[in-house]
Amino acid sequence: MSNNIEGKIIVITGASSGLGEAAAKHLSKEGAMVVLGARREDRIQALAAELKNKGGKSLAIKTDVTDVAQVKNLVDTAVKEFGQVDVIINNAGLMPQSPLDRYKIDEWDRMIDVNIKGVLYGIAAVLPYMQKQKSGHIINVSSVAGHKVRAGGAVYSATKHAVRVISEGLRQEVKPYNIRTTIISPGAVETELPSTISEPDIAENFIAFYKKIAIPADSFARAVAFAVSQPDDVDINEILFRPTKQEI
Ligand SMILES: NC(=O)c1ccc[n+]([C@@H]2O[C@H](COP(=O)([O-])OP(=O)(O)OC[C@H]3O[C@@H](n4cnc5c(N)ncnc54)[C@H](OP(=O)(O)O)[C@@H]3O)[C@@H](O)[C@H]2O)c1
């Protein structure tokens, strides 16, 4: 019986580490063709080579999601190489947390550009293909921070709330095209994400918190696989998961 993952062409942004890398490995093992986008080209090339060595089909394309043309190129190349695009995982993101009165305005801009605009550019790149195909699946990565706000995380949380709002609007708009939409909202998962915090005192707290409770990135990969593997008439709209130990 098909797992409904095998043979799918799946584009993943932020595939060079953490959740994106784990999803790529898991989905490739399940028989998907994964198209990897991120800025660190050496990392995605090495991952594509590793997946190919294990018998998978994979392609790595250097992509900065803040550049709409590069995101379009990522998806267009996937379609050119493999014939269509079945799934996009808009996963690239960063989390430089800090209280607003530290005025890290460059970091606010960066989070808005990557976490919100990057997701919109991913949607814009796949929609024309998926509307024409009358099939597809758009997976956007939010967070527990897309449900809860905590001091020090206002801007990050705002970007992750925005991802959920955009995803729900998209869900309603794509009904006529048989396109599925899923929000995945993880809690603390072991990745390089805390390294994007530039304020030393806040980084120290986060790293200690993650060391105590974070769960492996394969938890995310399994959540993605669950959503993708459903029969085509089942649309998993959101998965919110946390480490069992996580309080908030
Ligand atoms: N880990 C958690 O606890 C957690 C919890 C909730 C939500 N999330 C979300 O999960 C997503 C993935 O994060 P992660 O935890 O896996 O962290 P990570 O290990 O730091 O991975 C972040 C990924 O985003 C990519 N990225 C950053 N800026 C980019 C840009 N301008 N263009 C293209 N790619 C870019 C990075 O690749 P390059 O640097 O190579 O470009 C990297 O592959 C993020 O949206 C994050 O907010 C994570």
Side-chain angles (χ1 to χ4, degrees), residues 11-26 34-48 60-71 73-75 88-97 106-107 109-122 125 139-148 150 153 155-164 166-167 183-198 203 206-207 209-221 223-224 238-243 245-246 248:
V11 175
I12 306 172
T13 68
S16 58
S17 64
L19 305 186
E21 179 184 356
K25 287 181 176 169
H26 191 98
V34 289
V35 180
L36 314 170
R39 293 166 305 170
R40 286 172 292 178
E41 196 176 9
D42 52 332
R43 299 265 292 247
I44 50 174
Q45 291 293 0
L47 177 57
I61 301 158
K62 185 176 178 186
T63 307
D64 183 333
V65 298
T66 65
D67 180 340
V68 69
Q70 290 188 36
V71 182
N73 175 62
L74 172 68
V75 171
I88 187 166
I89 307 173
N90 288 309
N91 163 73
L94 70 164
M95 184 191 66
Q97 303 251 3
D106 285 353
E107 293 182 350
D109 286 342
R110 192 104 202 115
M111 280 189 275
I112 289 165
D113 287 347
V114 176
N115 299 4
I116 304 179
K117 288 162 80 177
V119 169
L120 286 168
Y121 295 164
I139 298 176
N140 296 328
V141 180
S142 178
S143 171
V144 166
H147 292 257
K148 309 261 181 199
R150 299 190 73 188
V155 180
Y156 179 69
S157 210
T159 66
K160 293 300 180 181
H161 276 71
V163 169
R164 291 186 54 240
I166 291 163
S167 302
I183 303 159
I184 303 199
S185 294
V189 181
E190 278 163 20
T191 67
E192 296 175 16
L193 197 67
S195 73
T196 62
I197 302 171
S198 65
F206 260 90
I207 289 164
F209 172 71
Y210 268 65
K211 262 206 181 114
K212 225 159 86 189
I213 69 158
I215 51 178
D218 194 48
S219 55
F220 171 81
V224 171
E238 180 158 13
I239 298 173
L240 169 61
F241 72 95
R242 296 173 170 83
K245 285 183 189 162
Q246 185 170 342
I248 292 178

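Whatever order the structure lists them in is the order used to number ligands and atoms, beginning at 1. Quantities reported herein were computed from a predicted structural model and do not represent experimental measurements.
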Please assess Thr191 against Phe220 for the test side chain to side chain contact (heavy atoms under 4.5 Å, CB included), listing each intermediate value before the final yes or no.
CA-CA 11 Å; Thr191 67; Phe220 171 81; over 6 Å; no
Test Phe241 against Ile184 for side chain to side chain contact (heavy atoms under 4.5 Å, CB included), laying out the working first.
CA-CA 8 Å; Phe241 72 95; Ile184 303 199; 4.0 Å; yes
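Contacts of Tyr156 classified as side-chain contact (heavy atoms from CB on, under 4.5 Å), with partners at least two apart in sequence or in another chain: Met95, Gln97, Met111, Asn115, Ser143, Ala145, Thr159, Lys160, Leu193. Every salt bridge (Lys or Arg N to Asp or Glu O under 4.0 Å) that Glu238 has, sequence neighbours left out, goes to Arg164. Applying the side-chain hydrogen bond (donor to acceptor under 3.5 Å, both in side chains) test to Ser17 and every residue at least two apart in sequence or in another chain returns Arg40.
Shown here for Arg242 and Lys148, the closest heavy-atom pair between the two residues is NH2-CE, 3.8 Å.
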Anything under 3.5 Å between an N or O on ligand 1 and a protein N or O? List each pair with its distance, or write none.
{"residue": "ligand 1", "atom": "1 (N)", "partner": "Val189", "partner atom": "O", "Å": "3.0"}
{"residue": "ligand 1", "atom": "1 (N)", "partner": "Thr191", "partner atom": "OG1", "Å": "3.2"}
{"residue": "ligand 1", "atom": "3 (O)", "partner": "Gly187", "partner atom": "O", "Å": "3.1"}
{"residue": "ligand 1", "atom": "3 (O)", "partner": "Val189", "partner atom": "N", "Å": "2.8"}
{"residue": "ligand 1", "atom": "3 (O)", "partner": "Val189", "partner atom": "O", "Å": "3.4"}
{"residue": "ligand 1", "atom": "3 (O)", "partner": "Tyr210", "partner atom": "OH", "Å": "2.8"}
{"residue": "ligand 1", "atom": "15 (O)", "partner": "Thr191", "partner atom": "OG1", "Å": "2.7"}
{"residue": "ligand 1", "atom": "16 (O)", "partner": "Leu19", "partner atom": "N", "Å": "2.8"}
{"residue": "ligand 1", "atom": "17 (O)", "partner": "Thr191", "partner atom": "OG1", "Å": "3.4"}
{"residue": "ligand 1", "atom": "19 (O)", "partner": "Ser17", "partner atom": "OG", "Å": "2.9"}
{"residue": "ligand 1", "atom": "19 (O)", "partner": "Glu192", "partner atom": "N", "Å": "3.1"}
{"residue": "ligand 1", "atom": "20 (O)", "partner": "Leu193", "partner atom": "N", "Å": "3.4"}
{"residue": "ligand 1", "atom": "21 (O)", "partner": "Ser17", "partner atom": "OG", "Å": "3.2"}
{"residue": "ligand 1", "atom": "24 (O)", "partner": "Gly93", "partner atom": "N", "Å": "3.4"}
{"residue": "ligand 1", "atom": "28 (N)", "partner": "Arg39", "partner atom": "NH2", "Å": "3.3"}
{"residue": "ligand 1", "atom": "31 (N)", "partner": "Asp64", "partner atom": "OD1", "Å": "2.9"}
{"residue": "ligand 1", "atom": "32 (N)", "partner": "Val65", "partner atom": "N", "Å": "2.9"}
{"residue": "ligand 1", "atom": "37 (O)", "partner": "Ser16", "partner atom": "OG", "Å": "2.9"}
{"residue": "ligand 1", "atom": "39 (O)", "partner": "Arg39", "partner atom": "NH2", "Å": "2.8"}
{"residue": "ligand 1", "atom": "39 (O)", "partner": "Arg40", "partner atom": "NE", "Å": "3.2"}
{"residue": "ligand 1", "atom": "40 (O)", "partner": "Ser16", "partner atom": "OG", "Å": "2.8"}
{"residue": "ligand 1", "atom": "40 (O)", "partner": "Arg39", "partner atom": "N", "Å": "3.4"}
{"residue": "ligand 1", "atom": "40 (O)", "partner": "Arg40", "partner atom": "N", "Å": "2.9"}
{"residue": "ligand 1", "atom": "40 (O)", "partner": "Arg40", "partner atom": "NE", "Å": "2.8"}
{"residue": "ligand 1", "atom": "41 (O)", "partner": "Arg39", "partner atom": "N", "Å": "2.8"}
{"residue": "ligand 1", "atom": "41 (O)", "partner": "Arg39", "partner atom": "NE", "Å": "2.7"}
{"residue": "ligand 1", "atom": "41 (O)", "partner": "Arg39", "partner atom": "NH2", "Å": "3.4"}
{"residue": "ligand 1", "atom": "43 (O)", "partner": "Gly14", "partner atom": "O", "Å": "3.0"}
{"residue": "ligand 1", "atom": "43 (O)", "partner": "Ser16", "partner atom": "N", "Å": "3.3"}
{"residue": "ligand 1", "atom": "43 (O)", "partner": "Ser16", "partner atom": "OG", "Å": "2.8"}
{"residue": "ligand 1", "atom": "45 (O)", "partner": "Asn91", "partner atom": "O", "Å": "2.8"}
{"residue": "ligand 1", "atom": "45 (O)", "partner": "Lys160", "partner atom": "NZ", "Å": "2.9"}
{"residue": "ligand 1", "atom": "47 (O)", "partner": "Tyr156", "partner atom": "OH", "Å": "2.7"}
{"residue": "ligand 1", "atom": "47 (O)", "partner": "Lys160", "partner atom": "NZ", "Å": "3.1"}

